[in-house]
J.: 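My questions all concern the structure below.
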Amino acid sequence: MKIHEYQAKQIMKMYGISVPNGSPAFSPEEAARIAKDFDTPIAVVKAQIHAGGRGKAGGVKLAHNIDEVKYYASQILGKVLVTHQTGPEGKMVNRLLVEEGSNIEKEYYLGFVIDRETAQVVMMGSSEGGMEIEKVAAEMPDRIFKEYIDPTIGLMPFQTKRMAYNLKFKDKVIAKAQKCMMDLYNLFVEKDCTLAECNPLVVTVDNKVMALDAKLQFDDAAIFRHPEIEALRDEAEEDPKERAAAKASLSYVNLGGDVACMVNGAGLAMATVDIIKFYGGEPANFLDVGGDSTVEKIAEAFRIMQSDDQVCSVFVNIFGGINKCDVIAGGIVEAAKVVGLKVPVIARLDGTNHEEGRRILKEANLPMVHAVQKMEEGAELAVKLAAELKAKRAEGKEA
Ligand code: GDP
Ligand code: MN
């Protein structure tokens, strides 16, 4: 789960990390009211969207007086920002952060993520702050320093010291930089983060170490332990399909292609995404219906998959274990009744009760449903039928 920069800064502040004074604003007037109380000559007006790269896209502006604050706020609010992290469709700005301007001496990068290879949290730092860290990693990998953290002992002071020297913080701020690393690590662990990042972390001319930008992401599987984080959710920023899926306890990730898939088990779901690619198709989603499927849940899964306009076929790939093929088949029939099948459905049902499942589908006699025996056969057909429907749609001949 992602949250906004201003929310991340509030949490960082609770952990002892310095952040600029500021508040969220939802209108130009509110932005002006907030900036009136600032002590600094410059106010910063920042678009709040769940994506970075706002600066380059015109979503971060330095204002020199209240009129400018109002002007920039009115320019940014309601605008669709397209950054390297939003995708081409961009994201609409509904909130701003208005904060006191900082007098920056130097920008750094500081971040924590989980490294899956070592199964450890890794602290990453760079003196090339402010720019895209992906670019630094690709072009100047030697400028990124890493410290792997043993989960049984946590981040050690020698590691924060080594990082501070690697990034060449000046003597006056070394202790502050080390403390900032420790604070951010504690936050990362206690709040079950998957990412905690300051890009840039800055040293100001008056020797403060501050998080000028703040990004936190949380492990969805651990959100139940943090109702205070759940309360920060901004549904306007989330994919409505992913939201509906979470409510129905379906594990769904939008992948943007045109072959939807409905699978049981994360392993088979990944294999299904792979095999669709193998046959030259683009998976529209990853969808694991889990092990406790009901007819209603399957019907809801169909509603969600078909609400994606790009979807041109649905590949149902089920290996019945705890899930029973007759229940899945019942779900498809139910979906056809309540939701309606708008695209071809390729059903491969194998495992527990597959004879019964296949019988149910056969008797329902649904023209959109193609029953197949094998996974390869199903994937190939799903890709083929999706391509056909796509071509038809492109010609505008769709019925
Ligand atoms: P991002 O582009 O979405 O990552 O947004 P950031 O919050 O990182 O802001 C982009 C850039 O704006 C920063 O790297 C800074 O160079 C600049 N910036 C942000 N706040 C201030 C500020 O208070 N003072 C100055 N001088 N520059 C700022
Ligand atoms: Mn940034």
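Both counts, for ligands and for their atoms, begin at 1 and track the order of listing.
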J.: Would you mind checking which non-hydrogen protein atom is closest to atom 19 (C) of ligand 1, with the distance to 0.1 Å?
T.: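 Going atom by atom, the protein heavy atom closest to atom 19 (C) of ligand 1 ends up being L212 CD2, 3.7 Å.
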J.: Hey, is ligand 1 close enough to N199 that some N/O pair sits below 3.5 Å?
T.: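 The answer is yes, given that N199 and ligand 1 share an N or O pair closer than 3.5 Å.
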J.: From atom 17 (C) of ligand 1, is the closest protein heavy-atom distance below 4.0 Å?
T.: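 Under the 4.0 Å cut-off, atom 17 (C) of ligand 1 has no protein heavy-atom neighbours at all.
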J.: Indicate yes or no: does an N/O atom of E100 lie under 3.5 Å from an N/O atom of ligand 1?
T.: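 Between E100 and ligand 1 (N or O atoms, distance only) the closest approach is not under 3.5 Å.
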J.: With a cut-off of 4.0 Å, which atoms of ligand 1 are near a heavy atom of G52?
T.: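 Those of ligand 1 that fall under 4.0 Å from G52 are 3 (O).
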J.: Does the protein place any heavy atom closer than 4.0 Å to atom 11 (C) of ligand 1?
T.: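 Answer no: nothing from the protein, no heavy atom, is under 4.0 Å.
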J.: May I ask you to check whether G55 has an N/O atom sitting below 3.5 Å from an N/O atom of ligand 1?
T.: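 Yes, G55 has an N/O under 3.5 Å of an N/O on ligand 1.
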J.: Say whether G53, considering both its backbone and side-chain N or O atoms, lies within less than 3.5 Å of an N or O atom on ligand 1.
T.: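 Yes: some nitrogen or oxygen of G53 is under 3.5 Å from one in ligand 1.
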J.: Under 4.0 Å from a heavy atom of R54: which atoms of ligand 1 are those, numbered in the order shown and with their elements?
T.: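 This gives 1 (P), 2 (O), 3 (O), 5 (O), 6 (P), 7 (O) as the contact atoms.
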J.: Backbone, side chain, both or neither: what part of I42 comes under 4.0 angstrom of ligand 1, heavy atoms only?
T.: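 For I42, no heavy atom sits under 4.0 Å from ligand 1.
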J.: May I ask you to list the atoms of ligand 1 that are less than 4.0 angstrom from any heavy atom of K46?
T.: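 By the 4.0 Å cutoff, the relevant atoms are 6 (P), 7 (O).
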J.: Given D213, V44, I104, L97, identify the one with the heavy atom nearest to atom 28 (C) of ligand 1.
T.: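 The option holding the nearest heavy atom is I104.
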J.: Is there a donor-acceptor pair closer than 3.5 Å between any side-chain N or O of Q75 and the backbone N or O of G59?
T.: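 No, the answer is negative, given that no donor and acceptor are paired below the 3.5 Å cut-off.
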J.: Got an N/O contact under 3.5 Å between E99 and ligand 1?
T.: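 There is no such contact.
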J.: Any luck finding a side-chain donor-acceptor pair between T204 and N103 under 3.5 Å?
T.: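 Per modelled atom types, T204 and N103 side chains form no pair under 3.5 Å.
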